[in-house]
Amino acid sequence: MAEISNIRSVKGMHDLLPASSRVFSRIEAEMRRVFSQYGFSEIRTPVVEETRLFSRGIGEETDIVAKEMYTFLDRDGTSLSLRPENTASAVRAYIEHGMAVSDPVARWYYAGPMFRHERAQKGRYRQFHQIGAEIFGISDAAADAELMHMLMDFAAAVGVSGGRLGINSLGCAACRPAYREALKSFAVGVRERLCEDCGRRIETNPLRVLDCKKEPCRAATENAPASADHLCADCAAHFARLRSALDAFGDTYEVDRRMVRGLDYYNRTTFELSAAAPAEEGGDGAGLGAQNAIAGGGRYDGLVEILGGRPTPAVGFAVGLERLAMLSPWAADPLPPAVRVFVMAVGEGTLEPAAALASGLRRRGVSVEFDGSDKGFKAKFKRADKSGAVVAAIVGEDEARRGVCAVKSMTAAMLPGGEKQAEVPVADAAAYIETVLRHEA
RNA sequence: GUGGGUAUAGCUCAACCCGGUUAGAGCACUGGACUGUGGCUCCAGUUGUUGGGGGUUCAAAUCCCCUUACCCACCCCA
């Protein structure tokens, strides 16, 4: 006991007690409602995949793969990993089930836990939850725009609005290398003005220099070449098409020349939905802390092929469920009552009629908390009150002997007959209570 | 991996700065007033190795050191 009481949840992995789990559930219900309106269907992929799926798909050099995966050996020596994100798995499933042949245009969404071994902080956890959507088989930027529109629609549906949608284009395999070199030589030119981290980034990932938060770095890269200005003709046309499609959907967005996304597989379109800045930074006070990205996404036209499928264009996004929940006004809503009726059995010979009544009510679709414990009336009424039940059904020894049951209104509202408590035969009680509930509702 | 902050009852906190008897309050919980009936009120009760270890001192929740956990931030990202 002494030792076991020290067991806590693993760092960065948290329990969701009813008050928070309800917010998650409501958000997921909105996800299903909104996404299905856009023709998306839910997929569920395993939490564990072969490690090489992620190292090949997300990129060997990314922080996620290089140092944040929960990796272990299976009994046969295969390296497995807890998924750090869901896109690679979705692509694997798309290929594995031959979607390219049977149903090349797939619109999928998912929700579930992801795992990254990072230092936890506000809005960033080792087990966290993402909601995401992917469209396979369409290269036209109208798909990108529709996806963003769905994201904005979804955020609004859970009460989160006022976010900022930033978009950018990273180019493709044809134009990105040249841009990367141009940016790199620019960065080398201003190296003395950059921070230590950025000095390193010039070699490891020059695009990252652009989104450094430090003011000196931002000033130094003020006139850095932007990827949007170095696109090949096809990518430029795609980006222009994206903007007109966003206009067509009526979304407001900002072209963010500094926006870079961390996963290797992105090409062309990238986008990010970020929360309004917190009050101390002059925003309207949305409390997300330093992790203000609610959702991120982009196009990954090369990924299906990289993972062994036939070339298939694709776009997707992922939303941080914890972050969305923090911003949702639902987080402040009180937990609604769990049941409408409280059935209590008090004393000898009362269990059977009371249990039959509870079952009868539940069969009629009425939620019931049943108390057959050895406590007295007072204690059970206290429980009944706390449960939030509107009606209490009491089977005491006296009632059981006479084949009846007492029905009491727990609210100010009276029973149909005008009294607060009535006695009805147990056999009729379920039907009677059902009508009472209809009146009290 | 690197910084900073915090740690007192189940929860929110007081007492710490300036060491001084049995470490308090509200909420919650249990019981009673009300012999088989909740809410409101009143009364009573339970709850702590003051995160852990060491040191200073006649005396440590309080001062010092170490350690652990959590939080926040860097990094990175949802």
Side-chain angles (χ1 to χ4, degrees), chain A residues 2 5-12 14 17 19 58 61-68 83-87 111-132 151 155 195-198 200-201 204-205 208 211-214 259-263 271-275 278 287-298 316-327 342 344-347 350 371 375-400 406-412 420-421:
Chain A
S5 70
N6 291 332
I7 298 182
R8 303 167 140 267
S9 69
V10 171
K11 183 198 286 290
H14 302 289
L17 268 24
I58 300 171
E61 305 305 320
T62 59
D63 279 13
I64 292 178
V65 170
K67 49 190 195 196
E68 296 174 359
R83 62 182 181 196
E85 54 99 57
N86 214 153
T87 296
M114 309 296 158
F115 304 84
R116 293 183 197 172
H117 194 114
E118 300 179 274
R119 188 78 155 234
Q121 70 181 72
K122 190 180 180 74
R124 196 181 69 185
Y125 311 104
R126 290 186 173 181
Q127 174 176 331
F128 61 106
H129 298 78
Q130 284 187 335
I131 285 174
L151 170 62
C195 69
E196 201 180 318
D197 287 330
C198 285
R200 234 183 317 109
R201 288 175 182 130
T204 59
N205 192 349
R208 281 252 159 261
D211 72 346
C212 182
K213 287 174 192 160
K214 298 194 183 76
M259 196 178 68
V260 173
R261 299 208 51 80
L263 285 49
F271 59 98
E272 194 168 291
L273 177 61
S274 39
L288 250 197
Q291 309 301 325
N292 72 335
I294 304 169
F317 69 74
V319 187
L321 188 41
E322 282 81 0
R323 294 181 186 179
L324 196 59
M326 272 189 263
L327 295 173
F342 191 95
M344 62 180 83
V346 193
T350 60
D371 189 346
K375 305 238 185 213
F377 286 90
K378 195 183 183 74
K380 284 175 178 167
F381 268 97
K382 280 194 172 174
R383 276 292 318 150
D385 189 48
K386 278 190 61 176
S387 77
V390 172
V391 168
I394 306 107
V395 182
E397 293 180 353
D398 184 39
E399 286 83 357
V407 176
K408 179 175 181 177
S409 165
M410 297 297 289
T411 63
K420 179 131 186 170
Q421 186 165 330

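Below, each value reflects all heavy atoms present in this structure, side chains not excepted, and no hydrogens, waters or symmetry copies. Letters A, B, ... are given to chains in the order of the sequence lines, protein chains preceding strands, and every chain is numbered from 1.
Counting any heavy atom pair closer than 4.0 Å across all strands shown, Gly132(A) reaches no nucleic acid atom. In this structure, Glu68(A) reaches the sugar-phosphate backbone alone: every heavy-atom distance under 4.0 Å involves primed, P, OP1 or OP2 atoms, never a base. Among the heavy atoms of the strands lying under 4.0 Å from Tyr125(A) is at least one base atom, whether or not backbone atoms are also near.
Taking atom C1' in both A7(B) and A14(B), the straight-line distance is 15 Å, to the nearest Å. Look at the C1' atom in both C64(B) and G19(B): the space between them is 13 Å, to the nearest Å. Comparing the same atom, P, in C58(B) and in G51(B) gives a spacing of 25 Å after rounding to whole Å. Nucleotides U62(B) and G20(B) place their P atoms 10 Å apart, quoted to the nearest Å. Atom C1' of U50(B) sits at a distance of 13 Å from the matching atom of C13(B), rounded to the whole Å. Separating the P atom of U57(B) from that of U47(B) is a span of 35 Å, rounded to the nearest Å. Between the P atoms of C63(B) and U2(B), the separation comes to 28 Å (whole Å). Between U8(B) and U49(B), the two C1' atoms lie 12 Å apart (nearest whole Å).
Regarding Arg116(A), its CZ atom lies at a distance of 17 Å from the P atom of C75(B), rounded to whole Å. Rounded to a whole Å, the NZ atom of Lys386(A) is 9 Å from the P atom of A28(B). Atom-to-atom, CZ of Phe342(A) to P of G39(B) comes out at 14 Å; the value is rounded to the nearest Å. For the pair Ile64(A) CD1 and C75(B) P, the computed distance is 16 Å after rounding to whole Å. In this structure, Lys408(A) atom NZ and G39(B) atom P are separated by 10 Å, rounded to whole Å. We find that CE of Met344(A) is positioned 13 Å from P of G36(B), with the value rounded to whole Å. Taking atom CG on Asp385(A) and atom C1' on C29(B), their separation rounds to 15 Å, with Å as the unit. In this structure, His14(A) places its NE2 atom 9 Å from C1' of C70(B), rounding to the nearest Å.
Under 4.0 angstrom from either OP1 or OP2 of C75(B) there lies at least one side-chain N or O belonging to Lys214(A). Considering only side-chain N and O atoms, Lys11(A) lies under 4.0 angstrom from the phosphate OP1 or OP2 of C70(B). Phosphate contact (OP1/OP2 of U30(B), side-chain N/O of Arg383(A), threshold under 4.0 Å): absent. At least one side-chain nitrogen or oxygen of Gln121(A) sits closer than 4.0 Å to the OP1 or OP2 atom of A73(B).
Not counting sequence neighbours, the partners of Asp371(A) by the side chain to side chain donor-acceptor pair (under 3.5 Å) test are Ser373(A). For Lys420(A), the side-chain contact (heavy atoms from CB on, under 4.5 Å) partners are Lys408(A), Met414(A), not counting sequence neighbours. Ser274(A) pairs by the side-chain contact (heavy atoms from CB on, under 4.5 Å) definition with Arg164(A), Asn292(A), not counting sequence neighbours. When the side chain to side chain donor-acceptor pair (under 3.5 Å) test is applied to Glu322(A), the partners found at least two apart in sequence or on another chain are His129(A).
Residue Arg126(A) forms a side-chain hydrogen bond (donor to acceptor under 3.5 Å, both in side chains) with just one option from Glu118(A), His14(A), His117(A), and that option is His117(A).
Donor-acceptor pairing under 3.5 Å, judged by distance alone, is absent between the side chain of Arg119(A) and the base of C72(B). For Arg124(A) against C76(B), a side-chain N or O and a base N or O form a donor-acceptor pair under 3.5 Å. The base of G38(B) sits with one of its N or O atoms less than 3.5 Å from a complementary donor or acceptor on the side chain of Lys420(A).
The nearest heavy atom of RNA chain B to Ala379(A) and to Lys382(A) marks one nucleotide each, and the one closer to the 5' end goes with Ala379(A). RNA chain B is contacted by both Ala293(A) and Lys378(A); Lys378(A) maps to the nucleotide lying nearer its 5′ end (nearest heavy atom per residue).
Legend: side-chain hydrogen bond (donor to acceptor under 3.5 Å, both in side chains) pairs involving residues 375-396 of chain A, not counting sequence neighbours, sorted by first then second residue: Glu369(A)-Arg383(A).
The CG atom of Asp211(A) sits 8.5 Å away from the CD atom of Glu272(A) when rounded to the nearest 0.5 Å.
Taking both residues in full, the closest heavy atoms of Thr62(A) and Leu263(A) are given as CG2-CA, 4.4 Å, listed atom of the first, atom of the second, then distance.
Consecutive pairing runs in RNA chain B reach the stem threshold at B:1-7 with B:68-74, B:10-13 with B:24-27, B:29-33 with B:41-45, B:51-55 with B:63-67, where a stem means at least three Watson-Crick or G-U wobble pairs with distances under 3.5 Å.
Listed candidates were U37(B), G36(B), C76(B). Nearest to the side chain of Glu118(A) is C76(B). Of the candidates U37(B), C72(B), C74(B), the closest approach to any side-chain atom of Ile394(A) belongs to U37(B).
Summarising the local packing, CD of Glu397(A) is surrounded by more than 12 heavy atoms from other residues, nucleotides or ligands at distances under 6.0 Å.
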